[in-house]
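Order of the sequence lines sets the chain letters (A, B, ...), proteins ahead of strands, with each chain counted from 1. Predicted model only: the values in this text are computed from it and were never measured.
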Protein chains: 2
Amino acid sequence: MSVTLQKSVLEQAQEDFIAQWGALGTAWGINRTMAQIHALLLISPEPASTDEVMEHLEISRGNANTNLREMVGWGLARSVLKRGDRKEYFEGEKDVWKIFCIIARERKRREIEPASLVLKNCAENTRGLATAEAKVFHRQMVELGEFVGLTSSILEKIAASEQSKVMPKAIKLFS
Amino acid sequence: MSVTLQKSVLEQAQEDFIAQWGALGTAWGINRTMAQIHALLLISPEPASTDEVMEHLEISRGNANTNLREMVGWGLARSVLKRGDRKEYFEGEKDVWKIFCIIARERKRREIEPASLVLKNCAENTRGLATAEAKVFHRQMVELGEFVGLTSSILEKIAASEQSKVMPKAIKLFS
DNA sequence: TTATATTTTCAATATTTTCTGAAAATTCAA
DNA sequence: TTGAATTTTCAGAAAATATTGAAAATATAA
């Protein structure tokens, strides 16, 4: 005999949030499981253990462990200890601005900086070449490189700021 | 007997650019082939045919066709005709700012808007619930939703602007 | 028409990424 | 120490994604 417990509206919304946030993970360059764990910790009032994460998301121990570890590495989660308990518990970062900054920095590091490096090299290696074609290419690399570099530094500045300092400015400029 | 032609410095740099730009494609949510074609068209002085793309990147006709088509859809390439020639040629968008805006818009559409929708729904469905836990969850969804919505509208404004209007402001604010 | 050039489609295949589960390593209380 | 609890690792399996290649569709010239 199988019993289906009625889910409360709240539980339903929470599950939706976790499922959909996870689905979005891919688009955000974050894998699905990590995004789901992030969602779970975000709405969890108490820190959760690896076992709780495994159970709630129905994932393996290895998967849970690896992703929790990586989240701690990013700063999206912190590990906390409960006295009298050997288990490790994890608490999600809940400040929206901090989450944004962490993700922005990580993406800058993984996406923008390598691009910038490629462009710099290509520009450097073709400096001073005489043919028209080479000059065009060199110019393109310089231009792209400058653009990417500027973008990078803007992102860096934003991610290093307080939300209360950036948002008002941004709103003023763009609303 | 195999003959290896000496590659010029320029050719070497161009191949590097194509290869590395392609490798970065993944990180950018753009597939490798599309990024490589983009790089190729970007530095190609003349529009290129499907066959030229295939040959240069050593990819299949189906792959070349599909990705060129998609690039035209995004606005990253335009199809041009040469009189007296039945083939279709493709020209890459070369304006850095325009490329940036196209990618920003596409990512907003694919990443930010779905996220915003999820959050709105979760907030809506838990409006007015009485328990403390529900109130916390509702508040989190509202807060996240507002943040994402604001980010989205800022990105929209930027992508709709002229480079010459945005960049000076940005530089002033963040340099 | 008909023949030929070109483009599109898509089932099959290959590649990449993610996940599992169990064994190994580590930690800690007794 | 020993042994139970917990965490980590990683080879192989599964799932997701990208690519091929050839047949079908379409377009054009003669």
Side-chain angles (χ1 to χ4, degrees), chain A residues 18-41 47-74 77-91 106 110-111, chain B residues 18-41 47-74 77-91 106 110-111:
Chain A
I18 291 171
Q20 306 238 228
W21 202 249
L24 286 170
T26 310
W28 282 88
I30 289 166
N31 78 40
R32 209 171 47 123
T33 303
M34 191 161 142
Q36 285 187 341
I37 297 179
H38 179 227
L40 178 61
L41 293 185
S49 68
T50 302
D51 291 84
E52 284 161 350
V53 170
M54 286 168 61
E55 190 178 344
H56 201 116
L57 302 180
E58 300 185 74
I59 61 176
S60 72
R61 182 172 303 285
N63 196 9
N65 179 269
T66 304
N67 283 101
L68 280 166
R69 209 46 58 200
E70 197 176 354
M71 284 178 71
V72 171
W74 282 38
R78 273 175 299 278
S79 122
V80 300
L81 337 155
K82 291 191 183 180
R83 27 195 244 98
D85 192 337
R86 278 166 66 173
K87 275 211 201 68
E88 203 174 2
Y89 289 78
F90 298 91
E91 175 179 75
E106 189 66 18
R110 290 194 302 182
E111 301 172 18
Chain B
I18 291 170
Q20 305 237 230
W21 202 250
L24 287 169
T26 310
W28 282 89
I30 288 167
N31 79 38
R32 209 171 47 124
T33 301
M34 191 160 143
Q36 284 188 340
I37 297 178
H38 179 226
L40 179 61
L41 294 185
S49 68
T50 302
D51 291 81
E52 284 161 351
V53 170
M54 286 167 62
E55 191 179 342
H56 201 116
L57 302 180
E58 302 185 69
I59 60 175
S60 72
R61 182 172 304 284
N63 198 6
N65 179 268
T66 304
N67 284 102
L68 280 167
R69 210 46 60 199
E70 198 176 353
M71 284 178 70
V72 171
W74 283 38
R78 272 176 298 280
S79 127
V80 299
L81 336 154
K82 290 192 185 180
R83 25 194 244 101
D85 193 336
R86 277 162 67 169
K87 274 209 202 73
E88 202 174 2
Y89 289 79
F90 298 90
E91 176 179 75
E106 188 67 17
R110 289 194 303 182
E111 302 171 19

Considering the options A:T66, A:T50, A:D51, which one meets the side chain to side chain donor-acceptor pair (under 3.5 Å) requirement together with A:R61?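 The passing option is A:D51.
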Roughly how many Å is it from [atom1] in [X] to [atom2] in [N], rounded to a whole number?
| X | N | atom1 | atom2 | result |
| --- | --- | --- | --- | --- |
| A:R61 | C:dA23 | CZ | P | 14 Å |
| B:L57 | D:dT20 | CG | P | 10 Å |
| A:E70 | D:dT7 | CD | P | 18 Å |
| B:R32 | D:dT20 | CZ | C1' | 13 Å |
| B:N31 | C:dT15 | CG | C1' | 13 Å |
| B:L68 | C:dT7 | CG | P | 10 Å |
| A:N67 | C:dT17 | CG | P | 15 Å |
| A:M54 | D:dT8 | CE | P | 13 Å |

Can you find a side chain N or O atom of A:N65 that sits less than 4.0 Å from OP1 or OP2 on D:dT7?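 Looking at the OP1 and OP2 atoms of D:dT7, neither is under 4.0 Å from any side-chain N or O of A:N65.
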Hey, is the side chain of B:T66 poking within less than 4.0 Å of OP1 or OP2 on C:dT9, counting only N and O atoms?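 No, B:T66 has no side-chain N/O under 4.0 Å of OP1/OP2 on C:dT9.
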So which nucleotide from C:dT6, D:dT7, D:dT6 ends up closest to the side chain of A:D85?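 Taking heavy atoms from C-beta onward, the closest nucleotide is D:dT6.
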Rounded to the nearest 0.5 Å, what separation is found between the OG1 atom of B:T33 and the CG atom of B:L40?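 One gets 12.0 Å once the value is rounded to the nearest 0.5 Å.
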OG1-CZ distance between A:T26 and B:R110, expressed to the nearest 0.5 angstrom: 11.5 Å
Earlier contact from the 5' end, DNA chain D, for B:I59 and A:G62: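 That would be A:G62.
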When the nearest nucleotide of DNA chain D is assigned to A:N63 and to A:T26 on a heavy-atom basis, which residue is associated with the more 5' position?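 That would be A:N63.
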Heavy atoms, side chains only, cut-off 4.5 Å: are [X] and [Y] in contact?
| X | Y | answer |
| --- | --- | --- |
| A:K87 | A:Y89 | yes |
| B:R69 | B:N65 | yes |
| B:E52 | B:F90 | no |
| A:M34 | A:M71 | yes |

Give each protein N/O atom lying under 3.5 Å from an N/O atom of nucleotides 26-30 of chain D, with the pair distance.
| from | atom 1 | to | atom 2 | distance (Å) |
| --- | --- | --- | --- | --- |
| D:dA27 | N3 | B:R86 | NH2 | 3.4 |
| D:dT28 | O2 | B:R86 | NH1 | 3.4 |

